[in-house]
Amino acid sequence: MEYTTLGRTGIRVSVAGLGCGGFSRLGLGTGKSESEAIALVGAALDEGVTLFDTAAAYVTESVLGKAVKTVARDRIVLCTKAPFGISHPNASPEAAIAGLDASLRRLDTDYIDVYQLHGVAPASYDHARNVIAPALLREQAKGKFRHLGITETAPNDTGHAMLERAVRDGIWDVVMVGFHMMHQNARARVFPLTREQRVGTLLMFAVRNIFSRPDRLAATLRELAAAGQVPPALAQSPDPLGFLVRDGGASSVIDAAYRFVRHEPGVDVVLFGTGDRDHLRANLASILKPPLPQDDQSRLASLFGHLVGVGLDAPHLTPPRPPAA
Ligand SMILES: NC(=O)c1ccc[n+]([C@@H]2O[C@H](COP(=O)([O-])OP(=O)(O)OC[C@H]3O[C@@H](n4cnc5c(N)ncnc54)[C@H](OP(=O)(O)O)[C@@H]3O)[C@@H](O)[C@H]2O)c1
């Protein structure tokens, strides 16, 4: 494993972070058992992963808490998220504090390393900034969490409008941003700001469905070609991103997708989501490989650099009931 510093938090973290949400939810989203999910987290720990990202809405906080119980608390970095944003955009400060306390209980820990407001839309940002954040910062002062973070709702904020404001506000030490081979606009809109402000960045959506399901990629490219947004040849090819997979290049489209985001200046931690131990090992190997060859990076920029909001599908999570205030 390789380690880096999570922006101005100063926390040392693995460059690969295990995401406990997405479609996999440590495997719980695809029918695996709690003991299999615990074993998956154990395999990640064995490989040197130290950062884990969960959320109240993923319903994986308890299983993550159990899975890391054998590890010294200061050797891991636990990130979780408030029931806010899309699910509870008008949450009261009291409910936010109750949500924080509930996450601490479910994770079975004394403190959270990064407590994030989850999926905050541009229209909800003022409420997050002016009402929720001050209440949470008072709880931070009591030691309940170390750093405040915020995550965008990538499918509903494809231009990163919320993060463009948040990064400048100085209260969010960590942000989570969507960026991948066919949704590259964070390169111009977010990373210059996070680098300037030394805000820690967690990267989401590296692979998602678009690069893990060939049928989804092919259908998307057909739609984009019909709309005149990509060359028609990409819609006709049975293996449209096959040019990336070659000697000296990537070993698969998924390998290319993780390597593409990993080496982007401004990306601290690449989150990857899986419920499969073989995928876990393969993804860590990809994240630790060198950048894609320069000609492939240039081709991805020229083919897809103008696309916005492609492949940002969201699972239909059932958020937990809001905690009693
Ligand atoms: N707004 C937010 O706050 C927000 C939104 C989205 C995501 N996130 C965070 O970001 C994390 C990562 O997102 P994500 O879960 O979508 O991760 P991802 O790594 O972009 O995509 C994971 C998907 O690809 C599949 N996959 C992964 N590796 C594979 C491999 N080697 N071969 C074949 N299929 C593979 C997984 O299925 P398998 O289980 O079969 O491997 C899963 O369906 C989430 O868990 C969450 O922590 C946050």
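In each ligand, atom 1 is the first atom listed, and ligand 1 is the first ligand listed.
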Is there a side-chain hydrogen bond (donor to acceptor under 3.5 Å, both in side chains) between R73 and T109 once you walk through the steps? CA-CA 8 Å; R73 180 63 188 84; T109 186; 2.8 Å; yes
Proximal protein residues to ligand 1, non-hydrogen atoms under 4.0 angstrom: G19, C20, G21, G22, S24, D53, Y58, K81, H118, T151, E152, M176, M204, F205, A206, V207, R208, S212, I254, Y258, L271, F272, G273, T274, G275, H279, N283
What pairs with F304 under ring pair (Phe, Tyr, Trp, His ring centres under 6.0 Å), at least two apart in sequence or on another chain? none
Should the pair W172 and Y125 be assigned to parallel (<30°), tilted (30 to 60°) or perpendicular (>60°) ring geometry? tilted
Test side chain to side chain contact (heavy atoms under 4.5 Å, CB included) applied to E47 - qualifying residues, sequence neighbours left out: L280, R281, L284
Could you check whether F211 and H180 have their ring centres less than 6.0 Å apart? yes
Please set out all donor-acceptor pairs under 3.5 angstrom arising from side-chain atoms of residues 247-256, sequence neighbours excluded.
{"unit_1": "S251", "atom_1": "OG", "unit_2": "D255", "atom_2": "OD2", "d": "3.4"}
{"unit_1": "S251", "atom_1": "OG", "unit_2": "K289", "atom_2": "NZ", "d": "3.3"}
{"unit_1": "S252", "atom_1": "OG", "unit_2": "I254", "atom_2": "N", "d": "3.4"}
{"unit_1": "S252", "atom_1": "OG", "unit_2": "D255", "atom_2": "N", "d": "2.9"}
{"unit_1": "D255", "atom_1": "OD1", "unit_2": "S286", "atom_2": "OG", "d": "2.6"}
{"unit_1": "D255", "atom_1": "OD1", "unit_2": "K289", "atom_2": "NZ", "d": "3.0"}
{"unit_1": "D255", "atom_1": "OD2", "unit_2": "S251", "atom_2": "N", "d": "2.9"}
{"unit_1": "D255", "atom_1": "OD2", "unit_2": "R259", "atom_2": "NH1", "d": "3.0"}
{"unit_1": "D255", "atom_1": "OD2", "unit_2": "K289", "atom_2": "NZ", "d": "3.4"}

